[in-house]
Amino acid sequence: MGEKQEIEVIHSWSTPRSLSTCLMYSFAQRDDTEVLDEPLYANFLQITDVERPYRDELLSKMDSDGNKVVKEVIFGPGEKKYRFCKHLSKQLVPGLTNDLMKKGKHFILIRNPLNVLPSYDKVLPPSFLELGLAKLVTIYSKLSELGNPPPVIDAADLQQDPEAALRGLCEDLDIPFQETMLKWEAGPKPVDGIWAPWWYESVHKSTSFASVKPYPSPFPSSLYDLLEQSLPFYNMLRRHTRRTLAHSKPSLPVPSLPVLANEKILVWVGDEIVPRDSAKVSVFDSVVQGGDAVWEGLRIYSGKVFKLNEHLDRLFDSAKALAFKNVPTREEVKEAIFKTLISNGMFDNAHIRLTLTRGKKVTSGMSPAFNLYGCTLIVLAEWKPPVYDNLSGITLVTATTRRNSPNNLDSKIHHNNLLNNILAKVEGNLAKSDDAIMLDKDGYVSETNATNIFLVKKGSVLTPHADYCLPGITRATVMELVVKENLVLVERRISLSEFHTADEVWTTGTMGELTPVVMIDGRVIGNGEVGPVTRRIQNVYKKLAQELGEPIPTYPRT
């Protein structure tokens with residue numbers, strides 16, 4: 001026997017059926033590590049009074065004084081450098097000394113409850129408390145508060161590529177990896193707890209981390225509610241695992257956001273406000289099933305929502321044209337908008353993508369007869385300055401994709417089925433232009449893939465009829481301003497060559513406001529600079545936007 005010495009403790013925190021025993025066997029193969037199998041189990045039984053078939057035997061053979069176990073067993077002297085302690089999260093009960101959390105190296109082992117639950121009730125019926133995932137989140141939070149956020153390892157990684165997973169864990173724990181951790185002998189082990197005959201039958205047959213089965217077992221419908229309860233906690237922890245391990249599909253680099261402040265926005269979905277990453281709709285929702293939704297873009301200026309009622313008029317008109325049922329009231333939509341803006345503290349230089357879907361279906365399919373839950377409302381507010389270069393101007397290219405005709409899908413319905421626009425935008429992107437002009441079926445200019453369009457020729461302002469394009473609210477506002485500025489306004493069919501030879505061109509839209517165009521299809525517009533009429537209308541539009549709008553409640557007024 002070697003001389004007793006101070007030992008460094010490695011705490012493994014997990015839930016039942018998570019390969020924690022396999023991991024304990026793995027660490028037991030190291031020449032510098034001794035292992036303890038759930039040293040706090042007796043204390044847990046004593047404190048909680050839960051029933052187990054081996055309860056009396058366990059309490060007679062294990063010390064049930066938790067703090068004594070922590071001091072003398074877990075942190076007591078040993079013969080090797082490390083002591084691996086396998087803990088189940090539910091065994092962290094009130095009354096235990098804070099030393100348990102403050103001392104040693106900690107890590108968390110998780111496993112998808114979808115893979116745990118079907119095999120769990122062979123000894124006792126599963127429950128949310130028995131699973132212990134919520135407690136595992138608490139442990140992660142507690143260790144993080146202490147300034148020591150623990151590594152998180154997923155059992156799927158251990159099964160898919162044990163060596164990569166174990167090397168990563170050892171690196172996170174700042175201990176050397178040993179090849180011996182990958183194999184062990186089959187059968188019971190001296191380190192097993194006395195509960196092993198009830199729980200360890202399958203693991204005793206193993207000699208390594210078993211590979212993932214290609215197909216899962218049928219999931220019992222009786223456990224569906226418990227799965228729904230548990231998955232959010234698993235997913236919270238899963239976000240902290242190493243993302244380079246084998247069970248993860250190769251992923252693209254995490255992109256940077258155009259506006260970093262939008263990383264932590266709150267979004268209205270359905271009837272509640274949720275964080276950005278939780279802002280999701282059902283796969284049964286009509287917007288997923290067929291792009292069956294309507295939308296509006298809203299811009300926020302100085303504590304006011306510009307042209308709110310005009311946008312809501314169009315939203316409800318579009319919903320009516322598509323025969324939506326159980327549509328929320330105007331006041332309900334306004335309340336959702338205001339609550340979202342106030343929750344985010346967005347009172348200026350913000351943009352809302354307001355979406356109303358036909359709602360969730362009872363089964364997948366095209367028919368609106370399946371929509372029995374009512375509409376789904378989404379209020380996506382972001383910090384977003386105008387999306388185009390409104391100072392120097394943008395370039396356009398003409399797309400081969402034609403704008404929808406009212407014979408096919410009327411553009412006066414502001415719907416989410418935007419493939420027609422997207423195909424044109426793809427052409428614009430490939431041509432390295434900012435946007436693409438779309439022609440109607442007869443070859444006349446309709447609009448761009450995202451905005452309405454105007455030209456100036458010899459002092460007159462022209463814009464295409466709204467026969468094939470969306471009659472935009474910003475478009476209508478600009479048309480009014482042109483008239484108020486005593487300029488000649490003409491609305492008629494306009495050919496592409498007229499845009500090529502225009503003195504000035506601009507586009508209009510809520511997202512980009514009023515944007516100068518300096519080149520179309522390689523033709524320089526005017527002298528290639530932003531023209532005087534464009535600047536004049538930009539200025540009066542900016543002034544109007546600052547003055548008008550529906551006030552946001554609670555915004556301080558001067």
Side-chain angles (χ1 to χ4, degrees), residues 255-262 297-302 306 348-351 382-399 421-422 424-438 445-464 469-470 472-475 477-479 481-482 485 487 489 494 496-546:
S256 59
L257 301 180
V259 179
L260 291 179
N262 289 326
L298 303 166
R299 189 163 279 286
I300 316 304
Y301 300 94
S302 302
F306 187 57
D348 194 26
N349 207 28
H351 178 273
E382 296 178 278
W383 300 106
K384 185 170 287 189
V387 295
Y388 300 115
D389 185 348
N390 290 349
L391 294 176
S392 302
I394 63 172
T395 65
L396 301 177
V397 65
T398 302
N421 307 69
I422 291 168
K425 180 61 175 174
V426 168
E427 293 188 64
N429 288 347
L430 292 173
K432 301 190 184 307
S433 289
D434 296 290
D435 266 338
I437 288 178
M438 301 184 73
V445 172
S446 177
E447 60 180 349
T448 78
N449 57 274
T451 56
N452 295 124
I453 191 165
F454 291 74
L455 69 80
V456 179
K457 187 69 172 181
K458 296 181 179 179
S460 296
V461 178
L462 292 81
T463 192
C469 71
L470 177 76
I473 290 169
T474 307
R475 171 184 182 269
T477 304
V478 168
M479 291 171 74
L481 292 174
V482 167
E485 289 297 301
L487 295 167
L489 175 69
I494 307 174
L496 183 58
S497 63
E498 290 181 273
F499 274 93
H500 288 162
T501 58
D503 299 328
E504 303 177 39
V505 176
W506 71 71
T507 65
T508 61
T510 302
M511 187 92 78
E513 301 177 330
L514 198 151
T515 304
V517 177
V518 295
M519 181 177 288
I520 299 175
D521 298 327
R523 279 84 160 180
V524 174
I525 303 303
N527 62 3
E529 297 180 357
V530 181
V533 177
T534 304
R535 286 284 185 234
R536 182 174 165 188
I537 303 302
Q538 275 185 323
N539 290 334
V540 293
Y541 180 86
K542 183 176 181 180
K543 185 173 184 294
L544 181 72
Q546 293 294 329

Starting at [atom1] of [X], measure out to [atom2] of [Y] and round the result to the nearest 0.5 Å.
X: Asn539; Y: Leu481; atom1: CG; atom2: CG; result: 11.0 Å
X: His500; Y: Leu396; atom1: NE2; atom2: CG; result: 9.5 Å
X: Thr463; Y: Ile494; atom1: OG1; atom2: CD1; result: 6.0 Å
X: Ile437; Y: Ile520; atom1: CD1; atom2: CD1; result: 4.0 Å
X: Arg475; Y: Leu470; atom1: CZ; atom2: CG; result: 9.0 Å

Taking only residues two or more places apart in sequence, or in another chain, which ones meet Tyr388 in a ring-ring contact (aromatic ring centres under 6.0 Å, His included)?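 Residues passing ring-ring contact (aromatic ring centres under 6.0 Å, His included) with Tyr388: none at all.
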
Taking all non-hydrogen atoms of both residues, which atom of [X] and which atom of [Y] are closest, and how far apart?
X: Ala450; Y: Asp435; value: CB-OD2, 4.2 Å
X: Gly512; Y: Pro386; value: O-CB, 4.0 Å
X: Ile453; Y: Pro464; value: O-CD, 3.2 Å
X: Asn449; Y: Ala424; value: CB-CB, 4.0 Å
X: Trp383; Y: Asn262; value: N-OD1, 2.8 Å
X: Asp434; Y: Lys425; value: O-NZ, 2.5 Å

Give the C-alpha distance, both sets of side-chain angles, the deciding distance and a yes or no for side chain to side chain contact (heavy atoms under 4.5 Å, CB included) between Met511 and Thr451. CA-CA 9 Å; Met511 187 92 78; Thr451 56; over 6 Å; no

Take Lys542 and Glu513 through the side chain to side chain contact (heavy atoms under 4.5 Å, CB included) test and state the conclusion after the steps. CA-CA 9 Å; Lys542 183 176 181 180; Glu513 301 177 330; over 6 Å; no

Report yes if the side chains of Glu427 and Ser433 come closer than 4.5 Å at any heavy-atom pair, otherwise no.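 A side-chain contact under 4.5 Å is absent here.
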
Just wondering, do Asn349 and Pro385 contact through their side chains at under 4.5 Å, heavy atoms?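 Side chain of Pro385 against side chain of Asn349, heavy atoms only: contact under 4.5 Å found.
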
Output side-chain donor-acceptor pairs under 3.5 Å for residues 522-529, partner residues at least two apart or in another chain, one line each.
unit_1 : atom_1 : unit_2 : atom_2 : d
Arg523 : NH1    : Asp521 : O      : 3.2
Asn527 : OD1    : Glu529 : N      : 3.0

Output yes when a side-chain donor or acceptor of Asp503 lies under 3.5 Å from a complementary backbone atom of Lys458, and no otherwise.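 Yes; at least one donor-acceptor contact below 3.5 Å.
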
Sub-3.5 Å donor-acceptor pair from the side chain of Glu447 to the main-chain atoms of Cys469, do we have one?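 No, Glu447 side chain to Cys469 backbone: no donor-acceptor pair under 3.5 Å.
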
Please test Asp348 against Ser302 for side chain to side chain contact (heavy atoms under 4.5 Å, CB included), starting from the C-alpha separation and ending with a verdict. CA-CA 5 Å; Asp348 194 26; Ser302 302; 4.2 Å; yes

Please lay out, stage by stage, how Arg536 and Glu485 fare under the test salt bridge (Lys or Arg N to Asp or Glu O under 4.0 Å). CA-CA 9 Å; Arg536 182 174 165 188; Glu485 289 297 301; 3.0 Å; yes

Once side-chain contact (heavy atoms from CB on, under 4.5 Å) is applied, do any residues pair with Thr510, and if so which ones, sequence neighbours excluded?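 side-chain contact (heavy atoms from CB on, under 4.5 Å) list for Thr510, sorted by chain: Arg299, His311, His351, Thr474.
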
Run the numbers on Leu487 and Ile537 for side chain to side chain contact (heavy atoms under 4.5 Å, CB included), then give the verdict. CA-CA 10 Å; Leu487 295 167; Ile537 303 302; 4.1 Å; yes

Hey, can you tell me if Tyr541 and Phe306 have their rings parallel, tilted or perpendicular (30° and 60° cut-offs)?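 Because their plane-to-plane angle is over 60°, the rings of Tyr541 and Phe306 count as perpendicular.
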
Hey, which of Asn390, Val533, Val530, Ile394 is the one that makes side-chain contact (heavy atoms from CB on, under 4.5 Å) with Trp506?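 Of the listed residues Asn390, Val533, Val530, Ile394, the side-chain contact (heavy atoms from CB on, under 4.5 Å) partner of Trp506 is Val533.
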
